[in-house]
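Okay, so here's the structure we're looking at.
To find a chain, count down the sequence lines: A is the first, B the second, and so on, and within it residues start at 1. All figures in this text were calculated on a predicted structure; none of them were measured in a lab.
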Number of protein chains: 2
Amino acid sequence: MRNIKLIIQYNGANYSGWQSQPEGKTIQGLFEDALKTITGEEINVIASGRTDAGVHALGQCACFMTGSLLAPDVLRDALNAHLPLDIRVMSAEEVAADFHARFSALNKSYIYLISTSRIISPFLLPFLWRIPQKLDVDAMTEAMDLLKGTHDFSAFRASGCGAKTAVRTITEASLNKLDKLNFMSLQISGDFLRFRFEGDAFLRHMVRNMVGTIVEVGKGRMQPGDITKLFAQGDRRCAGPTAPAQGLFLEKITY
Amino acid sequence: MRNIKLIIQYNGANYSGWQSQPEGKTIQGLFEDALKTITGEEINVIASGRTDAGVHALGQCACFMTGSLLAPDVLRDALNAHLPLDIRVMSAEEVAADFHARFSALNKSYIYLISTSRIISPFLLPFLWRIPQKLDVDAMTEAMDLLKGTHDFSAFRASGCGAKTAVRTITEASLNKLDKLNFMSLQISGDFLRFRFEGDAFLRHMVRNMVGTIVEVGKGRMQPGDITKLFAQGDRRCAGPTAPAQGLFLEKITY
């Protein structure tokens with residue numbers, strides 16, 4: 001058996017997330033169906049993490065074991081021939097048998113985009129959260145700083161999250177205010193907020209719950225110092241709402 | 001009567017172009033329907049030019065005369081409330097009665113994007129022409145240089161084009177080879193070509209026919225010097241095919 005590692009991009013808009021489930025079209029399901037057709041094998045495809053419905057991926061990583069002797073590039077092209085155009089395998093390579101897309105990951109990064117403009121460019125709208133009001137970016141930045149480090153993120157995990165511990169380390173939590181976004185290398189004006197998170201691992205909905213909470217700080221409904229209280233209390237009901245999926249991009253996995 | 005000038009963005013994918021026609025959803029038609037609802041008037045909305053089906057606009061400009069006393073910002077918001085989200089009025093202002101979106105235009109610019117990568121990012125695919133082969137960019141650049149200046153563009157006009165003269169002046173015709181494109185301010189790798197054209201006015205299909213011809217040069221099927229012959233012959237059948245609409249962006253109109 002060979003272990004194949006894939007780098008995958010997808011526009012999450014049309015899918016019920018990564019993980020196979022009885023109803024709804026999932027990215028994992030489409031990969032496993034395509035591999036069944038290509039190799040004749042029942043293959044379990046493991047991703048670095050299960051992105052939710054609507055979440056986008058620029059550098060998702062997945063791996064699977066196969067008895068197929070097809071070269072990685074041939075597997076990549078065969079997968080792309082079977083997958084819809086909004087899911088693409090950017091590269092495929094054979095890796096050591098002990099490589100695991102999830103457990104071998106050292107670091108993950110996510111980008112989250114918000115527009116606070118009154119009017120939003122049609123090109124940008126599908127990829128951001130629209131909050132047409134002024135937010136207190138200084139308070140938000142102060143709150144973002146408190147997210148950095150090793151903490152118990154229980155207050156930011158989804159109710160269905162199955163992880164044994166909620167302790168995670170966030171190495172980067174940055175927030176940039178932008179008056180332009182680049183789209184197809186064309187500059188589009190507006191009022192944008194760009195979040196970037198990097199860490200060893202993330203709980204279910206953790207990035208979206210952190211963004212939703214930071215936005216509450218931006219609206220003045222919570223104070224930056226409340227982040228510290230949330231770590232201590234560990235109560236999901238005290239944090240902000242879950243930010244919409246469409247503004248979230250899984251950027252990169254480091255192994 | 002007041003003269004209102006609009007700056008408009010649209011994703012052309014879902015429309016049969018700007019100009020109203022008996023069948024198909026057009027952007028002009030949607031504006032005129034919305035203005036009928038808002039003002040009760042039958043209003044003729046004039047754009048700087050009629051973009052074809054599938055062509056995108058970042059800075060389309062349009063104007064219309066109205067007896068309505070609504071403030072421009074109110075008209076803008078009312079239009080946006082009636083228009084689909086892939087068409088947006090970015091700004092509205094009252095202008096002098098003699099302003100005409102088409103005849104007052106001094107300069108227009110267009111961007112055209114091509115990917116020559118084998119695999120294309122799902123995020124970029126809807127906004128470029130896919131040519132998965134190596135193109136001779138040096139020859140293409142040489143040919144682009146010959147397009148600059150004042151010429152008879154008969155060989156590059158669509159058969160149905162109604163302009164009286166085919167003489168136009170192109171002030172910029174540039175081609176850049178890029179190994180990254182920026183999407184939502186995220187860098188996506190690949191092999192891209194970015195065309196930019198600026199000129200006083202353009203004939204129907206002129207940009208797409210120029211791009212289609214330059215690609216023929218890139219494939220070695222035509223020589224850069226053939227551009228000069230095309231100007232002399234003025235025969236549309238001797239130029240290259242019309243490049244697909246989805247890679248074309250109307251960038252900006254200067255008045």
Worksheet entry | Validation row: B/L175, B/V137 side chains within 4.5 angstrom (heavy atoms) | yes

Worksheet, complete the sentence: Pair count under 4.5 Å, heavy atoms only, with chain B: among A/K180, A/H56, A/R118, A/Q187, highest is A/R118

Discussion item. Does any backbone or side-chain atom of A/F192 lie under 4.5 Å from a heavy atom of chain B? Answer side chain, backbone, both or neither.
Written reply: neither

Practice prompt. Look at A/P122, A/P84, A/S121, A/G59 and state which one has the largest set of heavy-atom pairs under 4.5 Å with chain B.
Written response: A/P122

Worksheet entry | B/E251/B/R196 ion pair, N-O < 4.0 Å | yes

Practice prompt. Please state whether the side chain, the backbone, both or neither of B/L125 comes within less than 4.5 Å of a heavy atom of chain A.
Written response: side chain

Worksheet item: Between the main-chain N or O of B/I120 and the side-chain N or O of B/S117, is there a donor-acceptor pair closer than 3.5 Å?
Response: no

Practice prompt. Would you check if the side chain of B/R208 reaches a backbone N or O of B/A243 as a donor-acceptor pair within less than 3.5 Å?
Written response: yes

Fill in: Selection from B/L181, B/I188, B/N182 maximising heavy-atom pairs under 4.5 Å formed with chain A
B/N182

Discussion item. Which atoms of A/Y10 are under 4.5 Å from chain B, going by heavy atoms: the side chain, the backbone, both sets, or neither?
Written reply: backbone

Item to complete: Begin with the C-alpha distance, continue with both residues' side-chain angles, and end with the deciding distance and a verdict on ring pair (Phe, Tyr, Trp, His ring centres under 6.0 Å) for B/F123 and B/F183.
Response: CA-CA 8 Å; B/F123 301 103; B/F183 174 85; 5.2 Å; yes

Worksheet item: Side chain, backbone, both or neither: which part of A/A57 has a heavy atom under 4.5 Å from chain B?
Response: backbone

Discussion item. For the backbone of B/F64 and the side chain of B/R2, can you confirm whether one donor and one acceptor N or O come within less than 3.5 Å of each other?
Written reply: no

Practice prompt. Against chain B, work out which of A/L186, A/L85, A/N11 has the most heavy-atom pairs shorter than 4.5 Å and name it.
Written response: A/L186

